[in-house]
Protein chains: 2
Amino acid sequence: MTVSPDRPAVAVDDLHAAEEAVREQGLRLTSARRLVLQALFAARGPVSAEEIASGLNGRLTASDLTSVYRNLETLEGVGIVRHFHAGHGPGRYVLEGDREREYLACEVCGRVEAVPPETLDPARKAIASATGYAVRFAHFPIVGRCDDCAVHSG
Amino acid sequence: MTVSPDRPAVAVDDLHAAEEAVREQGLRLTSARRLVLQALFAARGPVSAEEIASGLNGRLTASDLTSVYRNLETLEGVGIVRHFHAGHGPGRYVLEGDREREYLACEVCGRVEAVPPETLDPARKAIASATGYAVRFAHFPIVGRCDDCAVHSG
DNA sequence: ATACTTGCAAATGATTTGCCAGTGT
DNA sequence: ACACTGGCAAATCATTTGCAAGTAT
């Protein structure tokens with residue numbers, strides 16, 4: 001598939017719930033796995049695999065980048081993690097518990113902001129009636145110009 | 001910038017017009033450059049740098065991949081070419097003359113379809129009033145489930 | 001003539017794969 | 001015990017960069 005297929009999202013509210021979800025899949029709860037989860041909870045927002053592996057730049061225990069990638073993939077399989085691409089550069093990973101957040105990226109200033117899903121429901125509705133597509137602005141952000149940048153240019 | 005900045009688009013209708021546009025920028029019209037333009041016109045849709053370099057799989061003269069990348073970048077600077085990402089995998093390049101087309105990608109079956117901009121104007125309007133963003137669905141497609149796939153699954 | 005370009009090799013960045021040793025259950 | 005994992009090296013994919021040789025203007 002070209003884009004990440006839809007998986008049933010599993011919203012977990014804390015580290016403990018996440019560990020439960022992992023166990024429920026018959027997966028082992030290893031330290032590397034736990035570290036990835038900890039980082040995701042500590043980050044409070046989208047982070048790259050690299051950032052997780054570095055322990056969020058030293059704030060947490062560092063771990064092996066390969067394992068981080070493998071665990072992120074596993075956790076996406078479980079449904080508690082998701083990733084998206086905000087432009088060129090590494091993918092950004094988030095907990096599904098940051099539920100349904102969708103992203104807006106400004107093509108001028110580069111800012112990426114998250115909005116709750118309700119914000120985009122009208123747009124979703126408009127797209128559905130125009131094209132038949134049930135949209136999720138999850139894997140890619142919506143790209144445009146933010147207020148500020150629209151004002152300061154053509 | 002995280003995403004490709006907005007450039008004034010220059011819609012060219014044929015190879016000749018494209019070559020004029022290149023000349024007008026004081027750029028040289030080399031055979032490698034011309035080959036890239038030819039491929040873009042022959043393709044009638046999004047193509048990867050690799051596909052262009054292969055001469056659209058043998059239908060045209062092949063050329064060096066590095067030069068293709070360099071020329072695509074140059075042509076994006078001129079404003080007659082643009083690229084977007086339909087998912088993981090290589091970027092896809094299109095002529096701006098395929099003016100303002102925007103893309104819808106189905107996350108289930110992987111289909112990517114182009115729609116004319118008017119189709120998405122209502123959605124654009126909805127996003128603008130909800131967020132203040134002036135949206136262009138140009139650098140990334142809109143990801144969702146197409147009609148067919150929505151029917152055959154949850 | 002000479003600056004812009006090409007083409008090839010090598011580098012880079014992101015991510016994946018192979019493989020064998022390590023460890024949860 | 002034994003299959004699931006971790007860690008490290010090496011491979012892969014997309015794209016970029018360095019540089020000497022080529023060529024539009």
Side-chain angles (χ1 to χ4, degrees), chain A residues 1-4 18-39 46-55 60-78 81-93 139-140, chain B residues 1-4 18-39 46-55 60-78 81-93 139-140:
Chain A
M1 225 91 315
T2 321
V3 288
S4 57
E19 298 185 348
E20 279 309 289
V22 166
R23 279 231 167 76
E24 269 165 32
Q25 300 300 305
L27 296 169
R28 290 179 187 174
L29 201 47
T30 63
S31 51
R33 201 105 84 194
R34 212 180 313 236
L35 236 15
V36 169
L37 288 171
Q38 277 174 21
V47 273
S48 68
E50 182 71 51
E51 289 170 319
I52 294 173
S54 76
L60 269 57
T61 311
S63 50
D64 182 69
L65 182 57
T66 300
S67 297
V68 170
Y69 272 113
R70 263 192 290 232
N71 279 315
L72 286 170
E73 199 183 330
T74 299
L75 296 171
E76 289 197 318
V78 175
V81 168
R82 167 170 75 71
H83 81 271
F84 70 95
H85 301 275
H88 297 158
R92 321 255 196 121
Y93 295 80
H139 193 71
F140 292 123
Chain B
M1 226 89 312
T2 320
V3 290
S4 58
E19 298 186 348
E20 280 309 291
V22 167
R23 280 232 165 76
E24 269 165 33
Q25 300 300 306
L27 296 168
R28 289 180 187 174
L29 200 48
T30 63
S31 50
R33 201 105 84 195
R34 212 178 314 234
L35 236 15
V36 170
L37 288 171
Q38 278 174 21
V47 273
S48 67
E50 182 70 50
E51 289 169 318
I52 295 173
S54 75
L60 269 54
T61 310
S63 50
D64 182 68
L65 182 57
T66 301
S67 296
V68 170
Y69 272 112
R70 263 192 291 232
N71 279 315
L72 287 170
E73 199 185 328
T74 299
L75 296 170
E76 289 197 318
V78 174
V81 168
R82 169 169 74 73
H83 81 271
F84 69 95
H85 301 274
H88 296 159
R92 320 255 197 122
Y93 294 80
H139 194 71
F140 293 123

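Because only heavy atoms are used, hydrogens play no part in the values below, and waters and symmetry mates are left out as well, while side chains stay in. Throughout, protein chains are lettered first and strands after them, A, B, ... in sequence-line order, and every chain is numbered starting at 1.
- For the pair B:E50 CD and D:dT12 P, the computed distance is 15 Å after rounding to whole Å.
- One atom, CG of A:L72, and another, C1' of D:dT5, lie 15 Å apart when rounded to the nearest Å.
- With sequence neighbours excluded, no residue forms a salt bridge (charged side-chain N to carboxylate O under 4.0 Å, His left out) with B:E50.
- When the side chain to side chain donor-acceptor pair (under 3.5 Å) test is applied to B:T30, no partner is found at least two apart in sequence or on another chain.
- In this view, A:R33 and A:N71 satisfy the side chain to side chain donor-acceptor pair (under 3.5 Å) rule, not counting sequence neighbours.
- Residues satisfying the ring-ring contact (aromatic ring centres under 6.0 Å, His included) test with B:F84, not counting sequence neighbours, are B:Y103.
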Expected string for nucleotides 16-25 of chain D under the B/S/- scheme (protein heavy atoms, under 4.0 Å, primed atoms plus P, OP1, OP2 as sugar-phosphate) is BBBB---BBS
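- Comparing B:H85 and A:R33, the nucleotide of DNA chain D nearest to each residue sits closer to the 5' end for A:R33.
- Residues passing the side chain to side chain contact (heavy atoms under 4.5 Å, CB included) test with A:A18, sequence neighbours excluded: A:V12, A:L37, A:F41, A:I80.
- Applying the salt bridge (charged side-chain N to carboxylate O under 4.0 Å, His left out) rule to A:E19 yields the partners A:R34; only residues at least two apart in sequence or on another chain are considered.
- B:S48 and B:E51 form a side-chain donor-acceptor contact under 3.5 Å, judged by distance and modelled atom types alone.
- Scored by the side chain to side chain donor-acceptor pair (under 3.5 Å) test, B:Q38 finds no partners at all (sequence neighbours excluded).
- Counting 5' to 3', DNA chain C first comes under 4.0 angstrom of a heavy atom of chain B and last does so at the ends given by C:dA3 to C:dA9.
- Within 4.0 Å of A:G91, counting heavy atoms only, lie sugar-phosphate atoms of the nucleic acid but no base atom.
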